[in-house]
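Naming convention: chains lettered A, B, ... in sequence-line order (proteins, then strands); numbering from 1 in each chain.
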There are 2 protein chains.
Amino acid sequence: MMNFEAITIKDIATALSLSVSTVSKALSDSHEISEKTKKIVTEYAEKHNYRPNPIAKSLKQGNSKSIGIVVSTIDNQFFSQVINGIESVAYSKGYNVIITQTHESFELEALNIKHLTYRSVDGILISLSTETSDVEHLKSLHKKGLPIVFFDRITDEIDTHKVIADNFNGAFEGTQHLLNSGYKRIAHITSSPNISITRERLNGYAKALEQAGIEFNEDYVKYCMHGGRDIDEVKNAMNDLLAMDKRPDAIFTTSDRITTTTLLLLQKMKIRIPDEMALLGFSNTQLADALNPPLSTIYQPGFEIGKNAIEMLISIIESKNPITEFETRALPTQLFIRDSSSPVKKRSS
Amino acid sequence: MMNFEAITIKDIATALSLSVSTVSKALSDSHEISEKTKKIVTEYAEKHNYRPNPIAKSLKQGNSKSIGIVVSTIDNQFFSQVINGIESVAYSKGYNVIITQTHESFELEALNIKHLTYRSVDGILISLSTETSDVEHLKSLHKKGLPIVFFDRITDEIDTHKVIADNFNGAFEGTQHLLNSGYKRIAHITSSPNISITRERLNGYAKALEQAGIEFNEDYVKYCMHGGRDIDEVKNAMNDLLAMDKRPDAIFTTSDRITTTTLLLLQKMKIRIPDEMALLGFSNTQLADALNPPLSTIYQPGFEIGKNAIEMLISIIESKNPITEFETRALPTQLFIRDSSSPVKKRSS
DNA sequence: GGAAGTGATAAAAACGTTACGCAAAATATG
DNA sequence: CATATTTTGCGTAACGTTTTTATCACTTCC
């Protein structure tokens, strides 16, 4: 049932009364085989549409030509763009990808990684789940020689290639934009403090405040432990903020889900954007322009992140000698200013 | 480098001074092996965390425990939900999935399918590209015994299991809703006539008009040959409609991309929705409520479609005797009425 | 007490490749 | 012309499984 054209090297060998080894070498264009024989073999192979069985090849060569991807969920503009970038490269280099989802669960993440190694992938591309603070499960695999490249949500504890958006700068510029637009009390609804992007973005946010001479107020920062997976996380954050004495006049959000959920909640509460509350957030949605109001966003180059990550991973996999110099690439974000962060109008505050 | 725990049956055999065959049989709980030996073997295997090498197994058994998915693009709410559904089942049944994208190109579709067979997938789940009118490439594979299940965009020419949303009814109800809301001249911007969903939805649309005693007007139907992949497709359709003598007062769109692009264009042209033009379309976006105005949508059960499709595919793959009775499941859509199709106000028309 | 049966294990072949080590033929060298 | 060298091809083992067939030591039976 396997391959549906199912002609093997053996078939070619018997048909041409050659040995399997000769055919194999002829097909791989070995110098040990005469041009004449090579021609006969390749022509026959061509004619009968011979395809080497990738599974036999894998078994023999000890690689699977497949790589594992671990993301929180595929149902997310950012991650699907990343995967798009990964596939664009992987496919052309003869790798296929196995996608797994953590749904922001540490347990699922560990399980997925285990499954991927059972599947004997040649390497792993991973963006950690919000629940993950301990990376022992990855560390031990990495030590045993499994190539790993981190993207988006990375860890300091494992020394390998990493690709991220320039979260610090993205957050910095975004916050600065809000400040320049006249907002004074900027809240920050963000993801779990476990993950790197949360820290990086928080730092960018804090830096912008500092530079503007505004004191950082911990009460203005709200964490969603599952990155907004559950709507109540965002709701609670919002309610806390709205109940404050000095209610914020702008919210800066991280992650697609948190950003859009915040928008939905503000609308539902009939809080006018941006008059009562400005909104700016990380998001890769193509619908930003069509939202009410058009949403100011910080866009991450998802496709490029994926492309870089897979290229780095393949370079590790295919490198002859072990790599010792590792790189962390930070790709620039883009700030799209739309109506949800329009300059503050003169009004009694 | 393969598996990183890399203990094989052979290792167990030598360690316990048994033969490989005995170990293999003991692990598969064969009656030929004594309980005592079985226990020794399984305990040793457990302790040393033995995992059978899936590649060797595949080679021997002639299956790959992987299935191929072909969709137009992963970067689309509907398809990512479908894939989510597929993965949820596939993973638990020991299959992994290889995702490929056609980007609405016939050529890429054929290429992807070829690659998937080279990868010797055990079966294929496919939603045809908008360019595809000829399915010979699939037909021949299917004849040779490759299990295929179609979803979303299906074909009559191949007799196998299929899963779709109930497009006819979805379109029928949607159009009926527009009619009930007082709209008289309902245009329809849809995808390529090549694909099944276009016909099914057109029929639903036409039926609703007929039932309301409104004549079907071919000029009100505009096709986007690549399902709105290129923004100009939609723009041209819109311009044609707006230039008509009897300009439509509502647009009914198919597919996520066409729906959202239409919304964006209407906004850009400052055409008030729904006052000047109502809008209702197929879309799985979670942001419908947050759009301007909140967008009336017909939602397809993407996750369920994926789940059904993979279940059917696995049933074909694992069935002992060839299947002759095939089924086409149509899963109900859901109509979400929001502001973009509010009832017509009394006004001079 | 030898044939036949049974239970437990081992050996060998196979899946489709690749690669190492040889052997035979062709060619070069002195 | 004998010997070395290269060219070209073949045989075989190996990757880690599963499966078919063989082996061996006991029982059991008439």
Counting side-chain heavy atoms from C-beta on, which of D:dT17, C:dG16, C:dA10 comes nearest to B:S19?
C:dA10

Is any NZ, NE, NH1 or NH2 atom of the basic residue among A:K25 and A:E32 found under 4.0 Å from an Asp or Glu carboxylate oxygen of the other?
yes

Check every strand shown and say whether B:T37 touches a base, only sugar-phosphate, or nothing at a heavy-atom separation below 4.0 Å.
sugar-phosphate

Looking for any heavy atom pair under 4.0 Å, which part of the strands does B:K10 touch: base, sugar-phosphate only, or nothing?
sugar-phosphate

CD1 of A:I7 versus P of C:dG16: gap in Å, rounded?
12 Å

Please confirm whether any donor atom in the side chain of B:K25 sits under 3.5 Å from an acceptor in the base of D:dT20, or the reverse.
yes

Using a cut-off of strictly less than 4.0 Å, decide whether B:S58 has a side-chain nitrogen or oxygen near OP1 or OP2 of D:dT17.
no

Is a salt bridge present between A:K65 and A:D122, judged by a nitrogen-to-oxygen distance below 4.0 Å?
no

Base, sugar-phosphate or nothing for B:T8? Non-hydrogen atoms, less than 4.0 Å.
sugar-phosphate

How many whole angstroms separate atom NZ of A:K60 from atom C1' of C:dA19?
6 Å

I need the CG-P distance between B:L27 and D:dG16, as an integer number of Å.
15 Å

What contact category does B:S30 fall into here, base, sugar-phosphate, or nothing, at under 4.0 angstrom with non-hydrogen atoms?
nothing

Record whether the side chain of A:K57 comes under 3.5 Å of the base of C:dT17 through a donor-acceptor pair of N or O atoms.
no

Under-3.5 Å donor-acceptor pair between B:S21 side chain and C:dA11 base:
yes

With under 30° as parallel and over 60° as perpendicular, where do the rings of B:H48 and B:Y44 fit, or are they tilted in between?
parallel

Take atom CD1 of B:I55 and atom C1' of D:dT18, then tell me their distance rounded to the nearest Å.
16 Å

Exercise: identify the closest heavy-atom pair between B:P54 and A:S120:
CG-OG, 4.1 Å

